[in-house]
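Below is one structure, written out as structure tokens; the observations come after it.
Just so it is clear, the model here is predicted, and its values are computed rather than measured.
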Amino acid sequence: MRGLALTTILTIEDDERIRRLVTLALKEEGWDVDEAATGEQALELFADQGKTHDVVLIDIMLPGIDGFAVCRSIRKASDVPIIMVTARADTHDVVAGLEAGADDYLTKPFAGKELSARIRAMLRRARSPEASSLDRISVGELEISPDEGIVLKEGEELHLTKTEFKLLVELSSQPGKIFSREVLLERVWGYDYFGDGRLVDVHIRRLRTKVEQDSANPRYVVTCRGLGYKLVP
Amino acid sequence: MLAKLLGVLVDNRWWRGLVSRLTLLYAVVSLLLSAGIAYSTLTIARDRLGSNFEETAIRQLEENAAEVRLGLQGLPEANDPETAGEILNSIDSKLTHTDASDSLLVLEGIGARLTNRSEAEIPAELSAKLNTVDAAGMYYSFGNEPRFIAGVRMTNSNPDGGADYYEIHSLVELEGTLEDLRQILIGAAIVSSVLGAAIGYYAAKRSLAPIRRISTASKDIADGNFQTRLDMQSDPDLAILSSSFNGMVDELKAKIERDQRFTSDVSHELRSPLMTLRASVDLLERKESELPETLQQAIQLIGQDVHRFEQLVEDLLEISRMDAGAVQLQVSNINLLEFLSQVVKQSPTPDIEVVALDSSETVIIAADKRRLAQVFSNLISNAAKYGGGAQRITYRQISSTVQITVEDEGPGVPPKERQQIFERFSRGAADAGNRQSGTGVGLGLSLVKEHLNLHGGNVWVTDRYDSKPGARFVVELPVGDIDELEGELAV
């Protein structure tokens, strides 16, 4: 058994040297690391450890079951933050990875500093209770409790990932106000101006499938063309 | 006017085209042929008609002259004008005529008889001729009328001396016939040269059709469409050309793909070890303070070169993607001022000012944020390397485009290098004495250009506005936003 305070990261990477250097860099940060070389091994490890990992790092290109499938399996079982590792930023891989349930992505080659920064941002999102002035925000049939991390829709709890929840809370902090992608990227993901707007787009889309009756014609999370998104009170 | 027309012809050189030349050749040949035929036809017709006419006219003259001579025998006995008139009338009734001829009898001392024509109509040349010969004829024109006149001199057939008998033929009808014929022949010549030109054009087109197909195919291939093939196997004359052309395209395609794959594979292969290197250097750098001074320096050197190496590999990968046409722009709407300010803020020189020149409105462009940021950070670092650092960045909207300039105070770029610096792996003369570590590898500006071209923009370098020494890089991009959220999700 692990100590409760220790942050554990599951890293899935078939290239042995990259796996070792990731482990090295993460251990430097004071985190514990579980390594897996294949998707099968990773899923086994994830289940064995009682799904207690704090962040999962998945390389998309894996022998056997690929990164997307691993991501979907883990997402089905847990809302643990997932970071996808892709070879290129401008391919369909990024969107597919986010669709599969990843919260963020990194492109190879990435620097150790970048990796730790992404993981730290994830951990902050997952751990910190929302310091909102309101205990409870009601928007139509939605009831959001930032402190408890709960969203109720018609009294029933919705299962949102940490990122989706944080996104919804940001939008609901000022209902009716338009949030640009840059602002959402900074507040939810901790990116600067040059972050990838597709992160916001795909997460908004996933959020809609959970909070909207008809996600093709959203009632709550509305697109403001050319400007961003807003929550309609 | 003519000089101008000729100038246009020479300038346009349309006649240099194979089809035009063949068409022209066919037209000229058929014109020459038909003109030759027309000319000889006309000449022959004129000769035939002329000699026919002359024969008839002379026979008629001889017969009529005999009648006149016979009739005039009685004239010396007739002392009174009345009898003379009767004699003349009886002569006249015995003469035969065509519609176009008239008789004229000139009696010495008496004057013209038998006709309403006057002596003045007889050319002096002919009457002079009759002094030496008994009979003569000639063509002449009276007024505007073409005529033939023939005359016979009869001596001692008149109490007062001799008599001349003439016949005047109007040639109007004959000439009219020839004129009609001439016009018909000219018309035929024109029609046949037009037909010749048409046949020439058609034949040239037909026989050049394969060449046209080859040139279309070559252009396709030059544009990068390697699926193009020639299909002319059905024509035995062209089958060899067609199959060797297709073979050449296959080989070319394979070679280009091999080259592209090579660059891409090599760069990909280099990435993993680079990543390990990078991370290891990161770790070492973090523990730098624990290491001896010499090792610290070594680590800094490695760190810088690893960074350079990474940059090169990324640039090579981007270039091989461009060559393979595999770049997918992630276009979103960008507020130019905000964007440029952010790029500057993240550059090693965050103090450069960004100025909007005479543009009070927000400029929005649709572009790939990450790639466009790379364009400007390349220009900024280029200015830092060669121009002593960028002075300021300005932009100005010019109708549907925006021009963004990055100015420095360096030595500038000599005019002959202004194209060349945007080529791959090219370095200006400025590089000769500037090869310290950390300088680029000559891909930066070529990537700038290619990225901008992908965005429908362009880049060039000129002198500074204020004509101080220094370079001014001008980036031109189309202005305008896209329906971005829809576009983004349609990926």
Over all atoms of both residues, closest heavy-atom pair of B/S332 and A/R181: CB-NH1, 4.1 Å

Going from CG on B/L283 to NZ on A/K27, what distance comes out if it is rounded to the nearest 0.5 angstrom? 12.5 Å

Contact part of B/K287 toward chain A, heavy-atom cut-off under 4.5 Å: side chain, backbone, both or neither? side chain

Which residues in residues 273-282 of chain B have any heavy atom closer than 4.5 Å to a heavy atom of chain A? B/P273, B/M275, B/T276, B/R278, B/A279, B/D282

To the nearest 0.5 Å, how far apart are CZ in A/F194 and CD in B/Q374? 11.5 Å

Residue pair B/Q342 / A/D192, side-chain donor-acceptor N/O under 3.5 Å: no

Where does the angle between the aromatic ring planes of B/F339 and A/Y193 fall among parallel (under 30°), tilted (30 to 60°) and perpendicular (over 60°)? tilted

Does any backbone or side-chain atom of B/V343 lie under 4.5 Å from a heavy atom of chain A? Answer side chain, backbone, both or neither. both

To the nearest 0.5 Å, what is the distance between CG (B/N335) and OG (A/S180)? 10.5 Å

B/K345 atom NZ, over 12 foreign heavy atoms within 6.0 Å: no

Need one label for B/E338: side chain, backbone, both or neither, based on atoms under 4.5 Å from any heavy atom in chain A. both

What is the distance from atom CZ of B/R271 to atom CD1 of A/I18, rounded to the nearest 0.5 Å? 10.0 Å

